[in-house]
S.K.: 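Below you'll find the structure I mean.
Protein chains get the first letters and strands the later ones, always in sequence-line order, with residue 1 at the start of each.
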Amino acid sequence: MNSAFNVVATLGSARSGDLTLPHGVVQTPVFMPIATKGAVKYLSQEDLDALGPEIILSNTYHLYLRPGVDVLNEFGGLHALMNWKKPILTDSGGFQVFSLAKLRKLTDDGVTFNSHIDGREIHFTPELSMDIQAAIGSDIWMAFDYFPGYPATRADAQRSIDLTTAWAERSLNRQKEVNVTNSKLFGIVQGSSFKDLRAESAQQLTELGFDGYAIGGLAVGEPSEVMYEMIEATEPYLPSDRPRYLMGVGQPEQLLEAAKRGIDMFDCVLPTRNARHGQVYIHASDEPLVPADLSTVNYKKITIKAAQYKIDKQVLDPYCDCLTCSAGYARGYIRHLFTVNEALAQRLTTIHNVSLYLKTMRLIRTHIRAHNE
RNA sequence: GGGUAGGUGGCAGAGUGGUCAAUUGCACCUGGCUGUAAACCAGGCGACUUCGGUCUACGGGGGUUCGAAUCCCUCCCUGCCCA
């Protein structure tokens, strides 16, 4: 019997595996660029093809508002709508319970939002989230969870895992009814900064049985060390033959540190959002971006909008081979594009940042796999 | 030549006796963004400073007043109208 996820190599606690999904096999550890509303902001499908992400992430809540289930059904899902052939993971909308907190009412049944688009009232439940993800036709669905925000009291954290477990079970039940595309469903561990609650949450979800397990509610303001501790507190309770996904993380070194603690999947807005805001991740030197011993990520972050780059003729990142850098775009030119508010600025930096993130993960993966051969 | 409106920080443009080193916007500078309500947000933006202040500033010069960007005189400059 073939498992969807096969670990093919390990290096310490780090693993590399093959995750088989309806739209292809994804090698882990993997970084998923974010296409919340069905597009990686500023990138065309051609740009994405050149960058070569193995899987992208989209958002159930946002796609539900627009284009809506009718349009998704009409097209036969998000893959067809986007003209994207490879796997897609969809977040359940659970995080919007947090990020749109001012517009919501929370009950055991679910969450009532006022749409951030037009203000109309929307009642979001685990069942609705599954139904929408079915219409989207994503490869990986996320259970509808509840993240209480940070910091959270122990009572808040306890409520978050209680609610999350209850909603996870409802997500699972509904998914079984509406999943006709062999999509996978991941549960989401909560528990804030409480190790025992993290462990408890992981055990409850594992008992329910998911295709993969996400760790949510981290990288939300707590120190990195706390985040690593929470990963370490959770990881032993997750089945080793299922992928682990650290949601929303993070800075390059956080990806590395988490991968070294057994995390297989990541997503984060930082490379794309920072690119749009003029912050660029570049190689710190001509040393390898990630050395074979996985000791560090050799990068630095620069503010390309800064005056110091006004007449800088250097390529954005001299040690990078992405579309932007190999084409030879100078720092001074990209700064100029930001100054005059030309969209090309955001496109060039987004291509570069996503490229560096993907390269970071590819190197981590390669090093883990090389170690076992 | 006559009349009239006006000259404020890089620009535009408020203020019209004290709470004005001077609202606001743009530009400029420096940061921050971690399951994307984000081409966004925050801070700075006369000089010096022991961070308490000190000095120089609202076209130039002079005056009134305890006190002037604000009132008066004069000069310079600009827009508009009439000749």
S.K.: Could you measure between the two P atoms, the one in B:C75 and the one in B:C28, and give it in whole Å?
M.R.: 43 Å
S.K.: Does B:C11 have a Watson-Crick or wobble mate here (both distances under 3.5 Å), and if so which one?
M.R.: B:G25
S.K.: Round to a whole Å and report the spacing from CD1 of A:I136 to C1' of B:G35.
M.R.: 14 Å
S.K.: Could you tell me the Watson-Crick or G-U partner of B:C20, where both distances fall under 3.5 Å? Say none if there is no partner.
M.R.: none
S.K.: So what does A:K37 hit on the nucleic acid, given a heavy-atom distance under 4.0 Å: a base, only sugar-phosphate, or nothing?
M.R.: sugar-phosphate
S.K.: Between B:U30, B:U36, B:C33, spot the one nearest the side chain of A:A306, thanks.
M.R.: B:U30
S.K.: Charged N to carboxylate O under 4.0 angstrom, A:R261 versus A:E232?
M.R.: yes
S.K.: Under 4.0 Å between any heavy atoms, over every strand shown, what does A:Q254 touch: base, sugar-phosphate, or nothing? Just pick one.
M.R.: base
S.K.: I'd like the C1' distance from B:C77 over to B:G31, given in whole Å.
M.R.: 43 Å
S.K.: Which residue lies toward the 5' end of RNA chain B, A:A343 or A:S58, if each is placed at its nearest nucleotide?
M.R.: A:S58
S.K.: Atom CZ of A:F338 and atom P of B:A27: how far apart are they, to the nearest Å?
M.R.: 15 Å
S.K.: Measure from the side chain of A:R273, starting at C-beta and using heavy atoms only, and say which of B:C33, B:C28, B:G35 lies closest.
M.R.: B:C33
S.K.: Mind calculating the distance between CG (A:L270) and P (B:U34) to the nearest angstrom?
M.R.: 7 Å
S.K.: When you compare B:U16 with B:C72, how far apart are their P atoms, in angstrom units rounded to a whole number?
M.R.: 15 Å
S.K.: Tell me whether the OP1 or OP2 atom of B:G32 has a side-chain N or O from A:N274 closer than 4.0 Å.
M.R.: no
S.K.: What do the steps show when you test A:K86 against A:H79 for side chain to side chain contact (heavy atoms under 4.5 Å, CB included), and what is the final call?
M.R.: CA-CA 8 Å; A:K86 292 198 276 187; A:H79 283 89; over 6 Å; no
S.K.: Tell me which nucleotide, if any, is Watson-Crick or G-U wobble paired with B:C41 when both distances must be under 3.5 Å.
M.R.: B:G31
S.K.: What integer number of Å spans the P atoms of B:G60 and B:G7?
M.R.: 13 Å
S.K.: Using a 4.0 Å heavy-atom cut-off, does A:F147 contact any base of the nucleic acid, only the sugar-phosphate backbone, or nothing at all?
M.R.: base
S.K.: With C1' as the reference atom in both, quote the distance from B:G3 to B:G53 in angstrom, rounded to an integer.
M.R.: 50 Å
S.K.: Counting heavy atoms from C-beta on, name the nucleotide in B:G31, B:A39, B:A37 closest to the side chain of A:N341.
M.R.: B:A39
S.K.: Under 3.5 Å, is there a donor-acceptor pair between the A:E169 and A:T165 side chains?
M.R.: no
S.K.: Rounding to the closest angstrom, what is the interatomic distance between B:A5 and B:U56 at atom P?
M.R.: 34 Å
S.K.: Taking the side chain as every heavy atom from C-beta outward, state whether A:I304 and A:Q279 have any atom pair closer than 4.5 Å.
M.R.: no
S.K.: Starting at CG of A:L65 and ending at C1' of B:A37, how long is that distance when rounded to a whole Å?
M.R.: 10 Å
S.K.: Base, sugar-phosphate or nothing for A:E222? Non-hydrogen atoms, less than 4.0 Å.
M.R.: nothing
S.K.: May I ask which nucleotide in the shown strands pairs with B:G1, Watson-Crick or G-U wobble, both distances under 3.5 Å?
M.R.: B:C82
S.K.: Testing the 3.5 Å rule here: is there a donor-acceptor pair between the side chains of A:S16 and A:R369?
M.R.: yes
S.K.: Confirm from the modelled atom types if A:N59 and B:G35 form a donor-acceptor pair under 3.5 Å, side chain to base only.
M.R.: no
S.K.: Heavy atoms only, 4.0 Å cut-off, all strands: where does A:G94 land among base, sugar-phosphate and nothing?
M.R.: nothing
S.K.: Does one side chain, of A:N298 or A:K300, offer a donor that lies under 3.5 Å from an acceptor on the other?
M.R.: no
S.K.: Would you call the rings of A:F31 and A:Y357 parallel, tilted or perpendicular if under 30° counts as parallel and over 60° as perpendicular?
M.R.: tilted
S.K.: Rounding to an integer number of angstrom, what distance separates B:U70 and B:A21 when you compare their C1' atoms?
M.R.: 16 Å
S.K.: Side chains of A:Q254 and A:S224: any donor to acceptor distance under 3.5 Å?
M.R.: yes
S.K.: Just compare B:U34, B:C33, B:U36 and give me whichever is closest to any side-chain atom of A:K301.
M.R.: B:C33
S.K.: Restricting to nitrogen or oxygen on both sides, can you table the protein-nucleotides 24-26 of chain B pairs closer than 3.5 Å?
M.R.:
none

S.K.: Examine distances only and state if a side-chain atom of A:S129 and a backbone atom of A:S92 form a donor-acceptor pair shorter than 3.5 Å.
M.R.: yes
S.K.: Which is true for A:F98 with a 4.0 Å heavy-atom rule: it touches a base, it touches only sugar-phosphate, or it touches nothing?
M.R.: nothing
S.K.: Mind checking A:D267 for me? I need base, sugar-phosphate or nothing, with any heavy atom below 4.0 Å counting as a touch.
M.R.: sugar-phosphate
S.K.: Rounded off to whole Å, could you give me the CZ-to-C1' distance for the A:F144 and B:G35 pair?
M.R.: 13 Å
S.K.: Out of B:C33, B:U36, B:G35, which nucleotide sits closest to the side chain of A:I188?
M.R.: B:G35
S.K.: Starting from P on B:G35, measure out to OH on A:Y61 and report it in whole angstrom.
M.R.: 16 Å
S.K.: Could you tell me whether A:S224 contacts a base, only the sugar-phosphate backbone, or nothing, with contacts defined as non-hydrogen atoms closer than 4.0 Å?
M.R.: nothing
S.K.: I'd like to know if the side chain of A:Q190 pairs up with that of A:S201 as donor and acceptor (distance under 3.5 Å, no hydrogens or angles considered).
M.R.: no
S.K.: Please classify the nucleic acid contact of A:R335 as base, sugar-phosphate, or nothing, using heavy-atom distances under 4.0 Å.
M.R.: sugar-phosphate
S.K.: Looking at the base of B:U36, is there any donor atom on it, or on the side chain of A:T272, that sits under 3.5 Å from an acceptor on the other one?
M.R.: yes
S.K.: To the nearest angstrom, how far is A:Y309 atom OH from B:U30 atom C1'?
M.R.: 13 Å
S.K.: Would you say B:A37 has OP1 or OP2 under 4.0 Å from some side-chain N or O of A:Q96?
M.R.: yes
S.K.: To the nearest angstrom, how far is A:M32 atom CE from B:U36 atom C1'?
M.R.: 14 Å
S.K.: Counting side-chain heavy atoms from C-beta on, which of B:C33, B:C40, B:G35 comes nearest to A:V269?
M.R.: B:G35
S.K.: If I pick the P atom on B:C40 and the same atom on B:G25, what distance separates them, to the nearest angstrom?
M.R.: 15 Å
S.K.: Between the base of B:C40 and the ring of A:H277 - centre-to-centre under 5.5 Å, planes within under 30° - is that a stack?
M.R.: yes
S.K.: With the side chain of A:A307 defined as its heavy atoms from C-beta on, choose the nearest nucleotide among B:U34, B:G31, B:C29.
M.R.: B:C29
S.K.: Answer yes if the side chains of A:D264 and A:Y245 hold a donor-acceptor pair under 3.5 Å, and no otherwise.
M.R.: no
